[in-house]
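Read through the structure below, which is laid out as structure tokens, and then see the notes.
Since we're looking at a predicted model, the values are computed, not measured.
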Amino acid sequence: MTAPFADLLVTAKGETRATVPLDALTTLWLNTGTLCNLTCANCYIESSPTNDRLVWLTRADVRAYLAEIADDGLPTREIGLTGGEPFMNPEIEGILADILDAGHEALVLTNAMTPLRHKRHALLALKEAHGARLRLRVSLDHFTQARHEAERGPRSWAPTIEGLRWLAAEGFDLAVAGRTLTGEDEATLRAGYAALFDAEAIAIDAADPHRLVLFPEMDETRAVPEISTACWGILGKSPSDVMCATSRMVVRRKGADRATVVACTLLPYDPRFDLGPTLADAARPVPLAHPHCARFCVLGGGSCS
């Protein structure tokens, strides 16, 4: 018997592993680099001020993928930018301008701290030119300072709240990403965030799952079942429900000659999920051969989009 998640095609029990075909590439994620101004306690991508395993994605890298989308007529509506902290990337202003000028929506995941503050003038100009096609989602792990800073570190709460207040006051299309790390039920979490948003004059509807996204935890110390083809019927789910049915992520690894495409935002380091340098290469089905596939996507119902 093989170890769980070791074989791309067969589970440890000998069952046929579930795979997810690409229905349509509606969202392309760009990892702008793993460097971040914070070192969080449980960061799936291990971002920090020193982790450069994924180096800065360049404006030229991004333009090549935008050109492929246009040339091949791909139905890519949304370009998501994640990190690390995207606003630390030295070419982020040009990257965002190119994405928006090409007619796509841009969704930037950020902690809204100092790196964003340094780009406020540029962000205002981009919003003036492109309106709600520029969207920002701010990571706020809990509605209390103590819980948030237990994950993000001391003195991380006040700058994020200040950044959120500024974004809301300036009328940006804004969302918040929270976590279920405390074990509180969804109603309790949404009520807590709603009270915070009201107190801080942040115009976000905490009841709207698109405006307050609550991500399932990815505790790698806990075992999770593998997903076989039979699980779709058992769980009442479809391969189309999983985010790799509609998305891929571009990364540039340290020392690599060029960027490459991986299966999803959660799997930038596992070479089994490196799908090749072009979006055409990456259009093949993805086997659900990693614990994150089960824990976050299938059983957790999570999606980064």
Side-chain angles (χ1 to χ4, degrees), residues 20 22-36 38 40 42-48 51 53-57 61-62 65 69 76-89 92 95 99 104-111 135-139 141 175-180 210 213-220 239-253 259-276 279 281-305:
V20 175
L22 182 67
D23 292 341
L25 185 67
T26 57
T27 299
L28 179 64
W29 286 95
L30 307 175
N31 188 292
T32 60
T34 40
L35 288 172
C36 185
L38 296 177
C40 296
N42 185 27
C43 177
Y44 79 96
I45 205 168
E46 301 168 7
S47 297
S48 76
N51 178 13
R53 290 176 68 183
L54 302 181
V55 296
W56 301 132
L57 206 63
D61 291 331
V62 175
Y65 290 103
I69 290 169
T76 310
R77 173 183 54 83
E78 177 183 64
I79 309 289
L81 295 93
T82 184
E85 169 52 51
F87 288 108
M88 289 177 65
N89 185 304
I92 189 63
I95 288 170
I99 291 167
H104 301 287
E105 297 177 11
L107 170 63
V108 190
L109 311 190
T110 177
N111 56 41
R135 296 180 289 126
L136 296 103
R137 184 194 296 160
V138 176
S139 297
D141 290 325
V176 160
R179 303 264 291 272
T180 59
H210 299 290
V213 185
L214 296 175
F215 285 119
E217 283 307 290
M218 297 195 297
D219 183 354
E220 297 188 31
S240 296
D241 297 330
V242 183
M243 66 177 174
C244 55
T246 55
S247 68
R248 294 290 186 266
M249 183 168 78
V250 175
V251 304
R252 181 185 272 272
R253 295 194 174 89
T260 191
V261 185
V262 299
C264 84
T265 57
L266 306 179
L267 302 172
Y269 300 135
D270 191 329
R272 300 179 302 162
F273 298 94
D274 189 327
L275 303 179
L279 299 177
D281 294 328
R284 62 183 185 271
V286 174
L288 301 184
H290 193 282
H292 289 346
C293 304
R295 183 179 294 112
F296 184 86
C297 297
V298 178
L299 301 177
S303 175
C304 293
S305 296

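Qualifying side chain to side chain contact (heavy atoms under 4.5 Å, CB included) partners for Ser139, counting only residues two or more places apart in sequence or in other chains: Arg152. Thr26 is linked by a side chain to side chain donor-acceptor pair (under 3.5 Å) to nothing, counting only residues two or more places apart in sequence or in another chain. Taking the salt bridge (Lys or Arg N to Asp or Glu O under 4.0 Å) definition, one finds that Arg179 meets it with Asp141, Glu151, Glu217, sequence neighbours left out. Residues passing the salt bridge (Lys or Arg N to Asp or Glu O under 4.0 Å) test with Asp270 are Arg272, sequence neighbours excluded. Residues that satisfy the side chain to side chain contact (heavy atoms under 4.5 Å, CB included) test with Leu35, not counting sequence neighbours, are Asp52, Trp56, Met88. Listed by chain and residue number, nothing satisfies the side chain to side chain donor-acceptor pair (under 3.5 Å) test with Asn89 (two or more places apart in sequence, or in another chain). For Ala177, the side chain to side chain contact (heavy atoms under 4.5 Å, CB included) partners at least two apart in sequence or on another chain are Arg137, Phe215. Every side chain to side chain contact (heavy atoms under 4.5 Å, CB included) that Asp274 has, sequence neighbours left out, goes to Arg253, Thr260. Considering only residues two or more places apart in sequence or on other chains, Thr34 meets the side chain to side chain donor-acceptor pair (under 3.5 Å) condition with none of them. In terms of the side chain to side chain donor-acceptor pair (under 3.5 Å) criterion, Arg284 has no residue partners (sequence neighbours excluded).
Distance alone, capped at 3.5 Å, places no donor-acceptor pair between the Tyr269 side chain and the Leu54 backbone. Between the Asn31 side chain and the Gly83 main chain, a donor and an acceptor come within less than 3.5 Å of each other.
Note that OG1 of Thr110 is 7.0 Å distant from CG of Leu136, once rounded to the nearest 0.5 Å. Separation of atoms CG (Leu25) and OG1 (Thr76) is listed at 4.0 Å; rounding is to 0.5 Å. Distance check: Asp61 CG to Ile95 CD1 gives 8.0 Å after rounding to the nearest 0.5 Å.
The minimum heavy-atom distance linking Ala259 with Val250 is given by the pair CB-CG1, 3.8 Å. Heavy-atom minimum distance, Leu22 versus Ser247: CD1-N, 4.2 Å. Contact between Asn51 and Arg53 at its shortest, heavy atoms only, is OD1-N, 3.0 Å. Heavy-atom minimum distance, Gly84 versus Ser47: N-OG, 2.8 Å. Across Thr180 and Pro216, no two heavy atoms sit closer than the pair OG1-CA, 3.6 Å. Closest approach of Trp29 and Thr265 over heavy atoms only: CG-CG2, 3.4 Å.
Results of the side-chain contact (heavy atoms from CB on, under 4.5 Å) test with Val62 over Thr32, Leu57, Leu28 single out Leu57 as the only residue that passes.
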I would like to know whether Cys297 and Met243 meet side chain to side chain contact (heavy atoms under 4.5 Å, CB included); could you show each step before the answer? CA-CA 7 Å; Cys297 297; Met243 66 177 174; 4.0 Å; yes

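Side-chain contact between Cys293 and Leu267: present, with at least one pair of heavy atoms (C-beta onward) separated by less than 4.5 Å. By the 4.5 Å heavy-atom criterion applied to side chains, Ile69 and Ile79 are counted as neighbours. With contacts defined as side-chain heavy-atom distances shorter than 4.5 Å, the pair Phe87/Asn111 does not qualify. With contacts defined as side-chain heavy-atom distances shorter than 4.5 Å, the pair Val286/Val242 does not qualify. With a 4.5 Å cut-off on side-chain heavy atoms, Phe273 and Leu266 do not count as touching. Using a 4.5 Å heavy-atom threshold, the side chains of Ile92 and Val108 count as separate. Within the 4.5 Å cutoff, side-chain heavy atoms of Tyr65 are placed close to those of Val261. Proximity of Asp281 to Leu275: side-chain heavy atoms (C-beta onward) are nowhere separated by under 4.5 Å.
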